[in-house]
Amino acid sequence: MTPAEPPRPPKLLDRLRDACRVRNLSPRTADAYAGWAERFIRFHGIRHPDTMGEPEVNAFLTQLAVARHVAASTQNQALAALLFLYGPVLGRPLDHLAVVRAKRPHRLPVVLSRAEVGRVLAELDGVPWLVSALLYGAGLRVVEALAARVRDVDLDRGELTVRDGKGWKDRVTVLPAALADPLRAQLGRARAAHAADLAAGCGRVSLPHALARKYPGADREWGWQYIFPASGRCVDPRDGAEKRHHQHESVIQRAVKAAVGRAGVAKHATPHTFRHAFATHLLEDGYDIRTVQELLGHDDVSTTMIYCHALNRGGRGVRSPLDGPAARGLPPGPAPVRLLTGAG
């Protein structure tokens, strides 16, 4: 009898994804790390990372900054991915990295005025409108709104619990009373979709961490379903089961981009801009910056303080001295320029 062949060792990128899963990193982080590992390998002519080290990593990261002029955040993500690849995955931590780093610019957030928020929301409808209204009304990130589950909403108390937000932190934020009825209607549509899935022998949803093993059957319960379910079911790569995920963030991004154009807003506004407007408008209304920090889920109040630039009027809320009593002594402005289109 021929002995059975030993199982093949998992491929490198599969090992990387497994290492991410063991450390409870998000699937988005695992995808990003795998993408950077693949780019690194291709950059060096499909060489295995085991045959390379610090010089090759330095060369790859340096060309990102020097030749490709990537943003500092992009280069930092690539560095984190390669440090993870060589540390937890290959067991060869990198110690000597002389990397030319892309300079991280200091950017102020784009903030829409209250009138601009109203104009953009007026150009939206359906799920994109409701999600965008939640981003502005509750200060959510796009993924936080789309990943919200039925159990996270308390319409009676006017609260929305954000589970596993950025940095795997939970927080409670305000749920606008104006969205109570639209949310009830959306929950009704989500419940109808879930009932149809159950009737078809499906109805499962992905659960965080190891809850599917701890609570068998919980992935079919109504409370764990997404408020904004996707239009169709898909196969979960982690266990091969057919499940219904939440709406993809690109649906909201495309809808908001089109709405901004139709509203005639010249600012570079994205769905995340609604979160900036939430923070700025709360500070304008006199709410304490620590309260705003807690609602946004920031670790450090200095992150929240960046929104102080938009308070009241002008830079840092300062009124120009030219708009004060001295303006009464100003001479009248120059006469308008007349354009000559011909003789006479």
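A donor-acceptor pair under 3.5 Å is absent between the side-chain atoms of R204 and the main chain of K243, judged by distance alone. Between the side chain of S132 and the backbone N or O of P128, at least one donor-acceptor pair lies under 3.5 Å. No donor-acceptor pair closer than 3.5 Å links the side chain of R171 to the backbone N or O of V162. D300 places no side-chain N or O within donor-acceptor distance of the main-chain N or O of T303, the cut-off being under 3.5 Å. In this structure, T62 contributes its side chain and N58 its backbone to a donor-acceptor pair below 3.5 Å. Side-chain atoms of Q225 come within 3.5 Å of backbone N or O of D219 as a donor-acceptor pair. Here the side chain of R275 pairs a donor or acceptor atom with the backbone of L296 at under 3.5 angstrom. Counting only distance, with no hydrogens or angles, the side chain of D152 and the backbone of A148 share no donor-acceptor pair below 3.5 Å. Counting only distance, with no hydrogens or angles, the side chain of T273 and the backbone of T270 share a donor-acceptor pair below 3.5 Å.
When the options R244, H246, Q247 are evaluated for a side-chain contact (heavy atoms from CB on, under 4.5 Å) with P229, the one that passes is R244.
In this structure H298 satisfies the ring pair (Phe, Tyr, Trp, His ring centres under 6.0 Å) test with no other residue, sequence neighbours excluded. With sequence neighbours left out, R23 forms a side-chain contact (heavy atoms from CB on, under 4.5 Å) with A19, L25, F84, P88. Looking at residues two or more places apart in sequence or on another chain, you find no side-chain contact (heavy atoms from CB on, under 4.5 Å) involving P55. Listed by chain and residue number, nothing satisfies the side-chain hydrogen bond (donor to acceptor under 3.5 Å, both in side chains) test with H245 (two or more places apart in sequence, or in another chain). Listed by chain and residue number, nothing satisfies the side-chain hydrogen bond (donor to acceptor under 3.5 Å, both in side chains) test with R47 (two or more places apart in sequence, or in another chain). Residues passing the side-chain contact (heavy atoms from CB on, under 4.5 Å) test with V143, sequence neighbours excluded: R28, E249. Partners of D156 under the salt bridge (Lys or Arg N to Asp or Glu O under 4.0 Å) rule, at least two apart in sequence or in another chain, do not exist in this structure. Under the side-chain hydrogen bond (donor to acceptor under 3.5 Å, both in side chains) criterion, Y226 pairs with R149, not counting sequence neighbours.
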### Task
Please report the C-alpha distance between D50 and R92 in whole Å, then the side-chain angles of each, then the deciding distance to 0.1 Å, and finally whether the salt bridge (charged side-chain N to carboxylate O under 4.0 Å, His left out) criterion is met.
CA-CA 9 Å; D50 258 338; R92 292 175 47 201; 3.7 Å; yes
### Message
As a quick check of understanding, evaluate salt bridge (charged side-chain N to carboxylate O under 4.0 Å, His left out) for D18 and R15, giving each step before the final call.
### Response
CA-CA 5 Å; D18 289 343; R15 291 167 56 193; over 6 Å; no
### Task
Show your working on salt bridge (charged side-chain N to carboxylate O under 4.0 Å, His left out) between R114 and E284 and close with a plain yes or no.
CA-CA 11 Å; R114 299 170 197 261; E284 285 179 348; 3.1 Å; yes
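Residue pairs that meet the side chain to side chain donor-acceptor pair (under 3.5 Å) test with at least one member in residues 31-45, sequence neighbours left out, are R17-D31, W36-Q77, E38-R42. Judged as a side chain to side chain donor-acceptor pair (under 3.5 Å), the pairs with a partner in residues 260-269 (not counting sequence neighbours) are, in order, E116-K267, E123-R262. Applying the ring pair (Phe, Tyr, Trp, His ring centres under 6.0 Å) rule to pairs touching residues 110-135 yields nothing, sequence neighbours excluded.
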Contacts under 3.5 angstrom, residues 177-191 side chains, donor-acceptor by atom type, not counting sequence neighbours:
| unit_1 | atom_1 | unit_2 | atom_2 | d |
| --- | --- | --- | --- | --- |
| D181 | OD1 | R184 | NH1 | 3.1 |
| Q186 | OE1 | R189 | NE | 3.3 |
| Q186 | OE1 | R189 | NH2 | 3.1 |
| Q186 | NE2 | I227 | O | 2.9 |

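Inter-residue side-chain proximity for Q75 and L61 is flagged as met; some heavy-atom pair is nearer than 4.5 Å.
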